Amino acid sequence: MRLRTAAGPRRFTPSPFDVELLAVVDAAAAKSTPVALVIPLPAADTPVVLGTAALVAEIARSASVAVSSTLVSSRLSQRTFYDQLYVRDSPLSGVVPRARLAADGSVVPIGDAYPAAGGARMVFATDAGRVPDFGGAIVVDGAGGRPADLDRLLRTRRNLVYLTDNPFDEALAKVRDANGVVWAFDPATLTRLADHRTEAAGRTVAASSQLLTVAGTSDLTVLLPEHDFSLDDALRTTWRALRSFTSEGVQRTALTAALQWAWGTFHTFALSPSTPSQYDTFVPRGPYSTRLTDAETHARAVARNLTGAARDQWMALADAFGGLLRAATATPKIEPVRQWVVDVTERGRRGVLVVRNSTAARATTTMLQEHTGIPFGWRRNILTVGLRDLLHGRVPRLPVDSIMFAGPVPKAFASLVAVPTAAELVVVGAGSWEGSRAARQITQTLNALTGLRRETVEISSPRLDVPTTGLFDDRRPVLVTRGGSPIAPLDDATSPWEPFVIDVLALLRRASSNGADSSSTAVPPTRNDTELVDALRISFTDGQHLWLAPNDIVYRRSGNEARRVAAKALVSGDVIALVDATARRDLFRSVIDVLATVNPEYHLLMFFDNLWHARIEAARSRNVGCRSILNSMRSAPDPTRITTEQAIRQWLSHHTVPMDIADVRRFAVAVEDEELRANADAVGSALAHMRTIHQAVGRWLSAQINGVQLRMKDSLVDPRLGVHTADLLETVSLHEIDDVAEHLEQTPASVIGVVQDIERV
């Protein structure tokens, strides 16, 4: 088998790590034994490689191509990688075509049909709960702590491979309970399974030898300031406030969602070295966005609707968020980050700075670019990324020389700090408490990986009859330094991962639909100053229902197009489209987010799109009149073709963008915005590309809503990458409206915009 690359097809040459990994998958399938693989590496292509290996092994065992294999993964890159696999000179998809699951669970081929395939399919799905009970192997990608419906799958599918990076993943216990085995790799084993000679001869299967080598040899350092900053005490105070919550205080759906939001907000403060106000500048617009400067207000709004101990808990949390906001405004972590950036840049090394999310990455990049103590050209050496980008393999050219984390991480990302993708790891702490937490996170993760490897050697290996390389007890120490001098971390017996007791954690997990770290994007508990909001109840023909504020935007069929309309315009018989069964996510923005997982070009596309909207806000803040802008654009040497102020007014309200690329430059000149003027061509091109994607996706969605998808050939959004509209919109669900309430009713804000099966209050 070979992989198609820009330099031509390149054959695979398995490393010792690949050999062991593939042997485990094959042996587990032969013995009909479920297996959970713990691989603490951000190797983006491993799930699809294992799914393909399981498919090929099944073909070899049955001597027939009429077999199917299923890969459950939310990462679009898995699908495009499969399309690049070749058998000799023919694409593998020509023998075993790729397919997806339709809304009704049927298997739908992607691209052209292959009559000679004999019924073989490589099925890609985003949700394990929708996988039908047909035969064949199934690989479930659990990276990042995404929950999966393993209970049902383990009852019906014995040829199951669960893949995770996290040694604390609760799915491991489910696999054991189903009489399956756990096969894990600790850092020392990964290093010993690297072989650079095989990589010179071809492409390794799952992970490069360079990545395997650094896994067990990285220097691990937690960096503390000479004196604890007030942020350290503020983080500890917030941690204690969160620890006071009990299951009795969060039984209601709204309060559980509010606590998820609070937990995510805590981590955003801890892992964002920029100021809160600068972070908020890059938060996407919309009623479901979380801004750090609003955290205290949100918490107090929840408290005002409670009584007794629950009210006191939320008031204490509000006070803690207020302290966090004041402490974080001083940006105590920016100086160690600056020093690290200077060191990496001046030494000509490559580095990755890891912050909370993509919003924090943009804010931190802007702050460093504006800092007078940062050398010119630093971005040629350093990438600033979010946690999930690193975990899901979206960071190119790993490993690097140095990687810095802006603070301790959520439990779903434990492997990133214990098994870094760099020769050296540095975690920045605001003081003794946070530094101790970071050090204990690394130590506990390393201990857990070592314990799982021992289980692999002593239990799993004999059961599967697969030999192992043995145990290597050479765990590295974690160095904690203060002002450059080593110190002993604080002795703290509490968990370094979360402050909650077990019953609260169970409630949070049941309420979560997007993974262990879903709190990173959790909706604020209130959108006004009260927990209850006025909303329309919208009932669907399938018995489900949805609460929406009257002016919330949804996608509805209008003629031959899918149009955005206010919820109050919906009537019985309309068909609306929701992303991930929610009206909280913008459809086309979600498409761009998915495309960004395939190619870094789309990250740049999002950057320039965000820049346009940021400069629009700047123009609005200066109260530049529409008539003045239009007159300037029409009197330019190359005048605009716009003739009315309405077009300008639509830009300023973010409803539309310029159709003519040159109008971006004309607008920048009119409002005297030098930043937009300097980037006008790039911004205009990005807006034009976004419009192309909107049109392609809109046509596909309209066909789905109109019920003609079977007659419409699946189209390519980007022929260069082989990205199909069907892939992008797999999580889009269509709902026919049965009834829209005539009057507004009060309902918890946390349930607004989410499809409900039963009434939840």
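The shown structure was predicted, so the numbers you read here are calculated from the model rather than taken from an experiment.
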Requested in this report: Apply side chain to side chain contact (heavy atoms under 4.5 Å, CB included) to Leu21 and Thr46, showing your working.
Outcome: CA-CA 10 Å; Leu21 190 61; Thr46 303; 4.2 Å; yes

Query raised in the report: With a 4.5 Å heavy-atom cut-off, do Pro47 and Val140 have their side chains touching?
Result: no

Query raised in the report: Does the side chain of Val72 reach to within under 4.5 Å of the side chain of Asp141, using non-hydrogen atoms?
Result: no

Query - Nearest non-hydrogen partners of Leu154 and Pro34, listed with the distance - result: CD2-CB, 3.7 Å

Query raised in the report: Got a donor-acceptor contact below 3.5 angstrom from the Arg440 side chain to the Thr494 backbone?
Result: yes

Query raised in the report: Within the side chain of Thr213, is there an N or O that forms a donor-acceptor pair under 3.5 Å with the backbone of Thr191?
Result: no

**Report entry** Check: Leu449 main-chain N/O paired with Arg454 side-chain donor or acceptor under 3.5 Å
**Finding:** no

Report task. Taking the side chain as every heavy atom from C-beta outward, state whether Val354 and Leu387 have any pair of such atoms under 4.5 Å apart. Result -> yes

Query raised in the report: Does the side chain of Arg482 come under 3.5 Å of the side chain of Ser432 through a donor N or O and an acceptor N or O?
Result: yes

Query raised in the report: Judged by atom type as modelled, is there a donor-acceptor pair below 3.5 Å linking the side chain of Asn381 to the main-chain atoms of Arg349?
Result: yes

**Report entry** Distance in Å, Phe17 CZ paired with Phe185 CZ, rounded so as to fall on 0.5 Å steps
**Finding:** 5.0 Å

Query raised in the report: So, do Asn357 and Leu271 sit near enough that their side-chain heavy atoms are less than 4.5 Å apart?
Result: no

Query raised in the report: Looking only at atom types and distance, does a side-chain atom of Ser460 sit under 3.5 Å from a main-chain N or O of Val182, one as donor and one as acceptor?
Result: yes

Query raised in the report: What distance do Leu172 atom CG and Lys174 atom NZ have between them, rounded to the nearest 0.5 Å?
Result: 11.0 Å

**Report entry** Candidate pair Val457 and Arg453, rule side chain to side chain contact (heavy atoms under 4.5 Å, CB included), full reasoning
**Finding:** CA-CA 6 Å; Val457 172; Arg453 184 61 184 180; 4.1 Å; yes

Report summary line: Nearest heavy-atom approach of Gln441 to Pro496 is NE2-O, 3.0 Å

Query raised in the report: Quick one: does Leu50's side chain get under 4.5 Å of Leu163's, heavy atoms only?
Result: yes

Query - Between CG on residue Leu211 and CG on residue Leu398, distance to nearest 0.5 Å - result: 6.5 Å

Query - Student check: side-chain heavy atoms of Ile138 and Val161 closer than 4.5 Å - result: no

Requested in this report: Indicate whether the side chain of Asp169 and that of Tyr162 have a donor and an acceptor atom separated by less than 3.5 Å.
Outcome: yes

Requested in this report: Compare all side-chain heavy atoms of Val181 with those of Val175 and state whether any distance is below 4.5 angstrom.
Outcome: no

**Report entry** Closest non-hydrogen atom pair between Trp183 and Val466, with its separation
**Finding:** CH2-O, 3.5 Å

Report task. Please lay out, stage by stage, how Leu390 and Thr421 fare under the test side chain to side chain contact (heavy atoms under 4.5 Å, CB included). Result -> CA-CA 9 Å; Leu390 178 61; Thr421 54; 4.0 Å; yes

Requested in this report: Under the side chain to side chain donor-acceptor pair (under 3.5 Å) rule, what do Gln444 and Trp497 come out as? Steps first, then yes or no, please.
Outcome: CA-CA 10 Å; Gln444 286 192 14; Trp497 303 110; 3.2 Å; yes

Query raised in the report: If you take all heavy atoms of Lys31 and Leu464, which pair is closest and at what distance?
Result: CE-O, 3.5 Å

Query raised in the report: For Leu150 and Ala171, which heavy atoms make the closest approach, and how far apart are they?
Result: CD1-CB, 3.5 Å

Query - Sidechain-backbone polar pair: Thr156 side chain, Arg152 backbone, donor-acceptor under 3.5 Å - result: yes

**Report entry** Side-chain (Thr445) to main-chain (Thr443) donor-acceptor, under 3.5 angstrom
**Finding:** no

Query - Between CG on residue Leu223 and CG on residue Leu479, distance to nearest 0.5 Å - result: 9.5 Å

**Report entry** From CG (Leu37) to OG1 (Thr456), nearest 0.5 Å
**Finding:** 9.0 Å

Query - Distance, nearest 0.5 Å, that separates OG of Ser485 from CG of Leu224 - result: 11.5 Å

Requested in this report: Specify whether His267 and Trp263 have parallel, tilted or perpendicular ring planes, treating 30° as the upper limit for parallel and 60° as the lower limit for perpendicular.
Outcome: perpendicular

Query raised in the report: How close do Val344 and Ile382 get, heavy atom to heavy atom, and via which atoms?
Result: CG1-CG1, 3.9 Å

Sequence neighbours left out, cut at 3.5 Å: what donor-acceptor pairs do the side chains of residues 399-416 make with other protein atoms?
residue: Asp401; atom: OD2; partner: Arg350; partner atom: N; Å: 2.8
residue: Ser402; atom: OG; partner: Trp340; partner atom: NE1; Å: 2.8
residue: Ser402; atom: OG; partner: Glu424; partner atom: OE2; Å: 2.8
residue: Ser415; atom: OG; partner: Asp165; partner atom: OD2; Å: 3.0

Report task. Show your reasoning for whether side chain to side chain contact (heavy atoms under 4.5 Å, CB included) applies to Leu71 and Val123. Result -> CA-CA 6 Å; Leu71 172 61; Val123 182; over 6 Å; no

Query raised in the report: Sub-3.5 Å donor-acceptor pair from the side chain of Ser209 to the main-chain atoms of Ala194, do we have one?
Result: no

Query - 4.5 Å side-chain heavy-atom contact, Thr221 and Val427 - result: no

Requested in this report: For the pair Arg158 (side chain) and Thr33 (backbone), establish whether a donor and an acceptor sit closer than 3.5 Å, ignoring hydrogens and angles.
Outcome: no

Requested in this report: Verify salt bridge (Lys or Arg N to Asp or Glu O under 4.0 Å) between Asp343 and Arg347, making sure each step is shown before the conclusion.
Outcome: CA-CA 6 Å; Asp343 178 71; Arg347 294 171 63 183; 3.3 Å; yes

Requested in this report: Could you verify whether a donor N or O on one side chain and an acceptor N or O on the other, from Asn447 and Thr450, lie under 3.5 Å apart?
Outcome: no

